[in-house]
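I have placed the structure first, in the form of structure tokens, so that the comments after it can refer back to it.
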Protein chains: 4
Amino acid sequence: MTVNFSSDNETPVASAMMEAIVAANQGTATAYAEDAWSGRLDQAFSELFRTEAIVIPVSTGTVANAIALATVTPPWGSVYCHQSAHIQNDESGAPEFFGNGLRLVPVAGSAGKLNLDSLAQSMLATEGHGVHSYLPSALSLTQSTESGTVYTADEIRGLCKFAHQHNMKTHMDGARFANAVVSLGCHPAEITSEAGIDMLSFGASKNGCMAAEALVIFKQPQWRETAERLRKRSGHLLSKMRYISAQLLAYIENDRWLEMATHANRQAAMFAQAVQGHPHVNLEYPAQANEVFVRWTSEGFTQLESQDIEFQRWPGRDDLARFVFAHSTTDEETQYLIHALG
Amino acid sequence: MTVNFSSDNETPVASAMMEAIVAANQGTATAYAEDAWSGRLDQAFSELFRTEAIVIPVSTGTVANAIALATVTPPWGSVYCHQSAHIQNDESGAPEFFGNGLRLVPVAGSAGKLNLDSLAQSMLATEGHGVHSYLPSALSLTQSTESGTVYTADEIRGLCKFAHQHNMKTHMDGARFANAVVSLGCHPAEITSEAGIDMLSFGASKNGCMAAEALVIFKQPQWRETAERLRKRSGHLLSKMRYISAQLLAYIENDRWLEMATHANRQAAMFAQAVQGHPHVNLEYPAQANEVFVRWTSEGFTQLESQDIEFQRWPGRDDLARFVFAHSTTDEETQYLIHALG
Amino acid sequence: MTVNFSSDNETPVASAMMEAIVAANQGTATAYAEDAWSGRLDQAFSELFRTEAIVIPVSTGTVANAIALATVTPPWGSVYCHQSAHIQNDESGAPEFFGNGLRLVPVAGSAGKLNLDSLAQSMLATEGHGVHSYLPSALSLTQSTESGTVYTADEIRGLCKFAHQHNMKTHMDGARFANAVVSLGCHPAEITSEAGIDMLSFGASKNGCMAAEALVIFKQPQWRETAERLRKRSGHLLSKMRYISAQLLAYIENDRWLEMATHANRQAAMFAQAVQGHPHVNLEYPAQANEVFVRWTSEGFTQLESQDIEFQRWPGRDDLARFVFAHSTTDEETQYLIHALG
Amino acid sequence: MTVNFSSDNETPVASAMMEAIVAANQGTATAYAEDAWSGRLDQAFSELFRTEAIVIPVSTGTVANAIALATVTPPWGSVYCHQSAHIQNDESGAPEFFGNGLRLVPVAGSAGKLNLDSLAQSMLATEGHGVHSYLPSALSLTQSTESGTVYTADEIRGLCKFAHQHNMKTHMDGARFANAVVSLGCHPAEITSEAGIDMLSFGASKNGCMAAEALVIFKQPQWRETAERLRKRSGHLLSKMRYISAQLLAYIENDRWLEMATHANRQAAMFAQAVQGHPHVNLEYPAQANEVFVRWTSEGFTQLESQDIEFQRWPGRDDLARFVFAHSTTDEETQYLIHALG
């Protein structure tokens, strides 16, 4: 048996979403997001987030992030984000591309989270020189973070308030948003629209969908035009959008998305507990969502690999590895991993 | 009964492709096109086109076109295309976006086809002024054309030869490529790689796939790097690419793609024949693939609409409408339409 | 003696402007357009155009045009211009570059002038398809035109009104603006701000300055920020801007700019009159400013060349040539040319 | 008397260059850098740098830098530079604009200089993730640095070697290049072409020219096309380029540029010596060129200001100020400043 904790990107589509795809495959439907499924998204997400929401369905988180940032940032504007952010390290400059040369400013902060101090310090160092400098335009937070940690509602509120005071818009990269909601046990609105987030990249592919994500814009209907133009112009307006929209509807129906994330987080927690009880293995960061970062000897990791366990050795760090748990991870797989720790 | 001839974009996914998606949905698979299905594409398409082919799977034809053109055209380069081309009229500037401000030069030509004369004349009018002018860099042909016509292999060969002589690369927008191959009764290589086409946007979504297209690069392996960078940077490198690649493999397996296009073309031909036999209705262009452009009175079209027949009234032309036939069009639907002509 | 009618781009700097440069060269001055000369431009041009004007001094007409268009046009917006416009044919895509892939739409029209009919027809053919099309965003007129003709105030008013009704902003490329003002004998405001022009590329280099142009924005102070950001970001915010601004002030002082254009136009008129009186030579367009387009035999032109007369043979037209007259053209030179006609 | 040590950007044009401008102002000259002065630049700079040099005259250092970097860096490429670099902090994203979204990576290093360790560490942290990361493409060094220090020839050689080993091209921002050459007492080639620099932004405006800079490309004639296209497309191909080129020729003639820099450096050295002899004032960095960074109390600086001395208080640092000495600084002014220190 090979067990795979490499990434929730590698998981199959959950059955409910596959059924939604098949159900949507009846007869013709108007192309280019003018179909009935796409037409229900705004209403469904407005209810989910208890506020006015505009939904732009797309097929990747990268494009959701890039459209969001380019919608509110001029080419001479800067976007502040944690130095470990996906937009900074893993998107090959998609924000810079969509934003026609906007600049990301990586901000330090422990455990994957920037904070008021590090943000203020970074702004001081990079702006204030008129047309010679970039114009601070947006703040992007990742929730849950790239370190498997989670911002509290208070932290988000404080950061958003600071951003808005400095004329910046706020974005949340929610590639693993469901895991954060479950971790905090809060309502999804409490850490987004009600905390000052203007735009959310609502991730779904990692938690059971095929290639379905949504850019959700809160209370800013005037941004729709730009976001939709960017989607079309970047080749992301699928003619057969119904298959993405149908997944998104099934995903949020009856708290299905939270159930799947609950499952994933629970697997991660079981493993994290085992790590904490182990004499030679340690957690690198608090395990608050579905990713667990483990510090161990290189030999320790090699021994796991020899038992057909897949996970990610961290680049440039012999002593660090990441284990990701997903909607499709079984108890048996997690127990196998725990057992293999020795 | 409502019958829909508006666009092959509105059709459902054919069962073979849906089955391929479900079959691919087993267990985990490496993300970002490093899966087994994606890994078989180069070989499969090299065999299909009897030459070395690099395949870049993507989810829309627009992005396939945009990556292709941006791969071979500098920001100060121009791309010649027919004035009715999709890249010119229907992609909101995706080529200009991916190509950082490259320019499309629309070229005249009857029945949706540019020709050596109109191309040469257009080049004469737009280049030759050193750094002050755009640099002619690419020629893009649409096959089958936006008028439902088809370039012959000889025409393509002549145009590609001219383009290469002028240091331009050649691209084919094959959103309805299958319909052209079937129409000509030729081997797909005869009107692409063997006729001088360097890159093909191989359409599949209109002919039975969900959101699956491929940029196929012939004999130019050095273009892979740029094309793959552009795909990633534009947010088009799906983490779960296996679902697109599995469709593409099923699509070309056992000539399935040609069977479906044969069906679509046959429906179109039946309708075209009826039009030709009708005393007051006329074909605007020769009906050579799966689109039929019909000239009639506005009242005539209104009468069809009143019988729950959907099709596209042509913008700015009261007397023109387009009827599109697809893999999913039934004989019954076509007969209903023919009967409705009166 | 060699006499040069090739282009007013090739002329020397007039003495008044050279003196202004030397006069500005005293002691230090704050850099980046914060100097005293630059600080007087807004006021001086507001008086010149009898309305609120923002002045962005730059060193080329190309950048003035590009900043103007990019300030009011989104990347998915289109700019309508005459098919002979400098922005279309001679700027290597500067508008597309500054505008991040905006599109120019060339419009037909005789004698270098587009008109309401050709503009409306062009718009009908290129827009109206929602996010799939470019969004008509600006109209750019060239005054005097690339054919040496001049739009009347009425024509400009009509075109601007149409543009504004269609939510487009209006720009005038005034590389030879002085020649048009003199030709019409009007106040400069009558064919710009008072006729509905929002932005003017106020040319000066061709009419006696060294490398001094200005983008003038009428009654839209909110555009200043974007225009100044674009100037800086494109490397056009000179540290020593005083030398450009001092020229511009000297240029418009005491109608000096109009005097110089009057001289140039007069030379052109003398030549045009001679052409009209010649049995075998003809004017291609009415000679209304300082450029004269002449239709003759290739042999005729060769004979002029053999007399050390320089001018521009028109690309692709054996029977056409352009003669440009400038502030520095002497009566003797013009008489020499007239005499050489035979 | 007001004395100005704010910036060498604020100085007047030296008389030799003003005379060159006046001398070039005779009769007509072919436009767009096809004049006789521009035509001599390649040869003159090839001699100056004892190797094949291509010279692209422009009017600002920002555009020289931006063209250089965009010539060798794809949109998905990154440029490593010191965190204090002008391209990073003072050009409003010109490199990102010209480079269509390339990314600058700021690198740490004391006294304005990056080093092999900090560069290697920065690269390790930012690349190596295939298409998901930016591709390291160029290294940009500033000479003399933004801290008034100077890289030795050995340091440059080591950094260039490392860069080339990692497939990066090398650029030097030489806004104050003359001051560095004088400081090191070396031949200009020893710290550029012969040390591995591929492209030099050769600054002249700060050291006596009006608005004259040059991008110098060493031994890479194939880059000319791209650099010239970028110059045109960004509106920097002046029609009357002769006035820039004539200055550049006068500037390097008879070591004039080095004489002027010698004068400026000498003034700076006198002041630095006074600072070092002062009991309460300190140098922040070694004063190796024409900029002196001084650490003192805020009250101390205020006292200087009250004596009509202008200089730059450093943003965010009460205890730091910059004094810049130029070709036009007089002994009297420097002595006045020294005396004012108390």
Side-chain angles (χ1 to χ4, degrees), chain A residues 7 9 60-62 65-66 69-70 73-79 81 83-108 120-137 146 234 312-318, chain D residues 7 9 60-62 65-66 69-70 73-79 81 83-108 120-137 146 234 312-318:
Chain A
S7 173
N9 268 331
T60 68
T62 292
N65 291 337
L69 298 175
T73 308
W76 48 86
S78 53
V79 176
C81 63
Q83 61 193 11
S84 71
H86 201 265
I87 55 173
Q88 168 73 8
N89 299 314
D90 302 291
E91 301 189 351
S92 194
E96 286 93 335
F97 176 43
F98 282 67
N100 299 307
L102 62 77
R103 182 182 287 180
L104 301 184
V105 182
V107 180
Q121 207 172 343
S122 178
M123 284 186 63
L124 195 65
T126 52
E127 52 101 18
H129 191 22
V131 299
H132 303 264
S133 306
Y134 269 89
L135 179 72
S137 301
E146 296 292 333
S234 60
Q312 194 186 359
R313 296 282 199 117
W314 211 245
R317 287 279 304 273
D318 277 355
Chain D
S7 174
N9 267 331
T60 69
T62 292
N65 291 336
L69 299 175
T73 308
W76 47 87
S78 53
V79 176
C81 63
Q83 60 192 13
S84 71
H86 201 266
I87 55 172
Q88 168 72 10
N89 299 314
D90 302 291
E91 302 188 351
S92 193
E96 286 92 335
F97 177 43
F98 282 67
N100 299 307
L102 62 75
R103 181 181 288 180
L104 301 184
V105 182
V107 179
Q121 205 172 344
S122 178
M123 285 186 61
L124 195 65
T126 53
E127 53 101 21
H129 189 24
V131 297
H132 302 264
S133 305
Y134 269 87
L135 179 72
S137 301
E146 296 293 331
S234 61
Q312 194 186 0
R313 296 282 198 117
W314 210 244
R317 287 280 304 272
D318 277 354

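Order of the sequence lines fixes the chain letters, A, B, ..., with proteins taken first and strands second; residue numbering starts at 1 for each chain. Both backbone and side-chain heavy atoms feed into the values below; hydrogens, waters and symmetry mates do not.
- At a cut-off of 3.5 Å, with distance as the only test, a side-chain donor of D:D90 or A:H129 sits close to an acceptor on the other residue.
- At a 4.5 Å heavy-atom cutoff, the contact between A:Q88 and chain D is made by backbone and side-chain atoms alike.
- Neither the backbone nor the side chain of A:N100 comes within less than 4.5 Å of any heavy atom of chain D.
- Of the two parts of A:L104, only the side chain, counted from C-beta on, holds a non-hydrogen atom closer than 4.5 Å to a non-hydrogen atom of chain D.
- In this structure the side chain of D:P75 never reaches within 4.5 angstrom of the side chain of A:F97, judged on heavy atoms.
- D:E96 places none of its side-chain heavy atoms less than 4.5 Å from the side chain of A:E96.
- Between chain D and the options A:S78, A:G101, A:S92, heavy-atom pairs under 4.5 Å are most frequent for A:S92.
- For D:H86 and D:E91, the side-chain atoms include at least one donor-acceptor pair closer than 3.5 Å.
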